[in-house]
Enquirer: 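Here it is, the structure, as C-alpha cells.
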Number of protein chains: 2
Amino acid sequence: MALAHAILAALINAPCSGYDLAKRFDGSVGFFWSASHQQIYRELSKLEDQGWISCQTILQAGRPDKKLYSVTDLGEQQLKKWIAQPCEPTPIKDDLLVKIFAARVASKETILAEIEQHQKAHLEKLSTYENLKQHYFRNPQKLSQPEQFQYLTLLNGISYEKHWLAWCDGVIELLKGNGEQEIGFGD
Amino acid sequence: MALAHAILAALINAPCSGYDLAKRFDGSVGFFWSASHQQIYRELSKLEDQGWISCQTILQAGRPDKKLYSVTDLGEQQLKKWIAQPCEPTPIKDDLLVKIFAARVASKETILAEIEQHQKAHLEKLSTYENLKQHYFRNPQKLSQPEQFQYLTLLNGISYEKHWLAWCDGVIELLKGNGEQEIGFGD
DNA sequence: TCTGCCATGTAAGTTGTTACATGATTAT
DNA sequence: ATAATCATGTAACAACTTACATGGCAGA
C-alpha cells in the first residue's frame with residue numbers, strides 16, 4: 001500500500017500529472033521511494049476510483065492534454081491514518097551483498113570491478129544530494145515545517161550514501177591488500 | 001532473478017533444506033536478502049527443474065522427511081555468471097521516509113513515537129550484529145576467504161544500522177527542540 | 001533526419017504477500 | 001492441554017518489471 005501513500009505524499013506538496021510524478025519519483029521523492037511510470041499511472045487510476053485524489057484535465061496548445069491530480073480531504077485523512085499506524089524498518093535486499101556473500105566462486109578482479117562501479121555510483125548520488133543541499137537548504141534554521149521534513153529525507157540520503165562509500169572503501173582496501181591488514185572499518 | 005541467486009549463494013556455503021533456508025533468510029542471509037518460506041519453496045522447485053540445484057530426500061525418525069538441496073555444477077556456473085554481470089545499487093524504498101516527507105499532515109507526537117520505535121528496532125539489530133561479530137569474527141585476520149566475505153556483509157549491516165541510528169538521533173533532537181537549533185547531523 | 005521530451009496508457013510475466021492446510025514431536 | 005518446532009506445501013491476490021504502443025513538438 002505504500003506506493004499509494006508515497007503518491008499522496010508527493011501530490012500533497014504540489015498537485016501534478018502522472019508524468020510529472022514519474023519525474024519526481026526519479027528525483028526528490030526518489031530519495032525514499034522508486035516507481036516506474038506504469039506503476040504510477042495504474043495507482044493514480046485506483047486512487048481516483050477510491051476518491052483519495054481528484055483529477056482535472058488541462059488542455060494544452062501543441063502538446064498532449066495533461067491530467068492534474070490533487071489530494072482530496074478523504075485522501076489526506078487516509079494519509080494521516082497511514083502515518084499514525086506503526087511500520088517496520090524495511091528489510092534489506094541488495095544484489096551487491098549477495099554477490100559479496102558468494103564472492104568465493106568469482107575472481108578477485110570481478111568483485112573489485114563491481115565494487116568500484118558501485119562506489120562510483122554512490123559518489124555520484126552523494127554529490128547530487130550535496131548539491132541539492134547547497135541550493136535549496138542553505139539555511140536549515142529558516143525552513144518552513146514541510147521543508148524541514150523534506151530536508152530530513154535528504155539528510156537521510158546523504159548519510160546512506162556515505163555509509164555505502166565507507167563500506168566500499170573498506171572492501172577495496174581489503175581486496176587490494178594481501179590479506180595481511182585488518183578489516184577495521186565499520187566501527 | 002536475485003532470489004534464485006541468493007538461494008544459490010546460501011546453498012553453496014552449506015547444502016540444506018527449504019526449512020533451513022527459510023531460517024537462514026531470517027538470520028545471516030537476512031543481512032542482505034529477505035524472503036518468506038513460500039517464496040523459497042516455490043523457487044527451490046524452479047531451480048531443481050532447471051537443474052541448478054539437486055535434491056536428496058533424507059528420511060528422519062520421528063519427524064518429517066527433509067529434502068536436502070545442493071548446488072550443481074550448472075548452478076555454480078550460473079551463479080558465477082550472474083556475479084560477473086554488473087548490477088545497479090538497489091533503489092531505496094522506505095515507508096518511514098515517506099512518512100517523514102508527508103509529516104506535516106501528522107502531529108509531532110505521532111512522528112516522534114514512530115521514530116523512537118524505529119530507533120529501538122535499529123538498536124536491537126545493531127546489537128545482534130555486534131554479538132555475531134564478537135562470537136564468530138573475533139580474529140578477522142585469520143578468517144578463511146569465504147568467511148572474510150561473509151564478514152564483509154556483516155560489517156555492511158553494522159554500518160547500515162549505525163547510519164539509521166545517527167539519523168534517528170538527529171530527527172528526535174530536532175523534534176524535541178523548538179526549532180531553534182541547527183540540523184547539523186549527516187555531515 | 002534523428003533524438004529527446006511531453007503525455008498517456010496496455011499486456012504479459014515475475015515476484016512477493018497473506019491466508020490456508022497438514023501432521024508429528026517436544027517442551028511448558 | 002497448549003504452544004512451539006520441524007517440515008512441506010497450495011491458492012489467491014497484490015506489486016513490480018519489461019516490453020509494447022501512440023503521436024506531436026523542439027532542437028541539433
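Keep in mind that the numbers below use all heavy atoms, side chains included, and drop hydrogens, waters and symmetry copies. Order of the sequence lines sets the chain letters (A, B, ...), proteins ahead of strands, with each chain counted from 1.
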Enquirer: For the pair made of NE2 in B/H37 and P in C/dT17, what is the distance, rounded to whole Å?
Expert: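 Rounded to whole Å, this separation is 13 Å.
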Enquirer: Atom CE of B/M1 and atom P of C/dT14: how far apart are they, to the nearest Å?
Expert: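 Spelled out: CE on B/M1 to P on C/dT14 is 7 Å.
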Enquirer: Looking at residues at least two apart in the chain, or sitting in another chain, which of them share a side-chain contact (heavy atoms from CB on, under 4.5 Å) with A/S127?
Expert: A/N131
Enquirer: Given side chains that start at C-beta, do those of A/L97 and A/W167 come closer than 4.5 Å, heavy atoms only?
Expert: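 Heavy-atom side-chain distance check passes, below 4.5 Å.
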Enquirer: Just how far is it from atom OG1 of A/T72 to atom CG of A/L11, taken to the nearest 0.5 Å?
Expert: 10.5 Å
Enquirer: I need the residues from residues 25-34 of chain B with at least one non-hydrogen atom less than 4.0 Å from DNA chain D; give them sorted by number, or say none.
Expert: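 Residues of residues 25-34 of chain B under 4.0 Å from DNA chain D: none.
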Enquirer: B/F101 and ring pair (Phe, Tyr, Trp, His ring centres under 6.0 Å): which partner among A/F25, A/F31, A/F32?
Expert: A/F32
Enquirer: For B/E161, enumerate each residue passing the side-chain contact (heavy atoms from CB on, under 4.5 Å) test, keeping only those at least two apart in sequence or located in another chain.
Expert: B/H122, B/K125, B/L126, B/Y129
Enquirer: Tell me which of B/R42 and B/D65 sits closer to the 5' end of DNA chain D, going by the nucleotide each one is nearest to.
Expert: B/D65
Enquirer: With under 30° as parallel and over 60° as perpendicular, where do the rings of B/Y160 and A/Y160 fit, or are they tilted in between?
Expert: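 B/Y160 vs A/Y160 ring planes: perpendicular.
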Enquirer: Do we see a donor-acceptor contact under 3.5 Å between the side chains of B/T153 and B/Q150?
Expert: no
Enquirer: How close or far is atom C1' of C/dT15 from atom NE2 of B/H5, stated in whole angstroms?
Expert: 15 Å
Enquirer: Where each residue is assigned the nucleotide of DNA chain D containing its nearest heavy atom, which of A/E43 and A/Q38 is assigned the position nearer the 5′ end?
Expert: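 Of the two residues, A/E43 wins.
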Enquirer: Atom OG of A/S17 and atom OH of A/Y41: how far apart are they, to the nearest 0.5 Å?
Expert: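 Result: 6.0 Å between the selected atoms.
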Enquirer: Return the value, rounded to whole Å, for the distance between atom CD1 of B/I7 and atom P of C/dG16.
Expert: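 Rounded to whole Å, this separation is 10 Å.
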Enquirer: Could you measure the distance from the CD1 atom of A/I7 to the CD1 atom of A/I12? Nearest 0.5 Å is fine.
Expert: 13.0 Å
Enquirer: Which side chain to side chain donor-acceptor pair (under 3.5 Å) pairs, counting each pair once, include a residue from residues 85-98 of chain A, with sequence neighbours left out?
Expert: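 Pairs touching residues 85-98 of chain A that pass the test: A/T90-B/D94, A/D94-B/T90.
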Enquirer: Can you name the nearest heavy-atom pair linking A/L175 to A/K108, along with the distance?
Expert: O-CE, 3.1 Å
Enquirer: What is the distance, rounded to the nearest whole Å, between atom OH of B/Y41 and atom C1' of C/dA21?
Expert: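 Rounded to the whole Å, the gap is 14 Å.
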Enquirer: Are OP1 or OP2 of C/dT15 and a side-chain N or O of B/Q39 less than 4.0 angstrom apart?
Expert: no
Enquirer: Which ILVMFWY residues can you reach from A/I58 by hopping between side chains whose heavy atoms are under 4.5 Å apart?
Expert: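 A/L68, which link up through side-chain heavy atoms under 4.5 Å apart, make up the rest of the cluster.
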Enquirer: Quick one: is C/dT15 close enough that its OP1 or OP2 comes under 4.0 Å of any side-chain N or O from A/K93?
Expert: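 No, A/K93 has no side-chain N/O under 4.0 Å of OP1/OP2 on C/dT15.
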Enquirer: Give every residue pair that meets the salt bridge (Lys or Arg N to Asp or Glu O under 4.0 Å) criterion with at least one member in residues 18-39 of chain A, sequence neighbours excluded.
Expert: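 Output for this query lists A/D20-A/K66.
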Enquirer: Given side chains that start at C-beta, do those of B/W52 and B/Q77 come closer than 4.5 Å, heavy atoms only?
Expert: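 A side-chain contact is absent here, since even the closest heavy-atom pair is not under 4.5 Å.
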Enquirer: What is the first contacted nucleotide of DNA chain D and what is the last, in 5' to 3' order, if contact means an atom lying under 4.0 angstrom from a heavy atom of chain A?
Expert: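 The contacted stretch runs from D/dA15 to D/dC25.
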Enquirer: So how far off straight is the helix from C/dT1-D/dA28 to C/dT28-D/dA1, going by the axes through five pairs at either end, to 10°?
Expert: 40°
Enquirer: Test of understanding: with side-chain contact (heavy atoms from CB on, under 4.5 Å), list the residues that count as partners of B/L123, not counting sequence neighbours.
Expert: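 B/L123 satisfies side-chain contact (heavy atoms from CB on, under 4.5 Å) with B/L165 only.
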Enquirer: Rounded off to whole Å, could you give me the CD1-to-P distance for the B/I40 and C/dT15 pair?
Expert: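 Result: 14 Å.
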Enquirer: Could you tell me whether B/Q60 contacts a base, only the sugar-phosphate backbone, or nothing, with contacts defined as non-hydrogen atoms closer than 4.0 Å?
Expert: sugar-phosphate
Enquirer: Does anything in residues 44-52 of chain A reach DNA chain D, meaning a heavy atom under 4.0 Å, and if so which residues?
Expert: A/K46
Enquirer: Please list residues of residues 14-24 of chain A whose heavy atoms come under 4.0 Å from any atom in DNA chain C, ordered by number; otherwise none.
Expert: A/S17, A/G18, A/Y19, A/K23
Enquirer: Can you name the residues that form a side-chain contact (heavy atoms from CB on, under 4.5 Å) with A/Q117, not counting sequence neighbours?
Expert: none
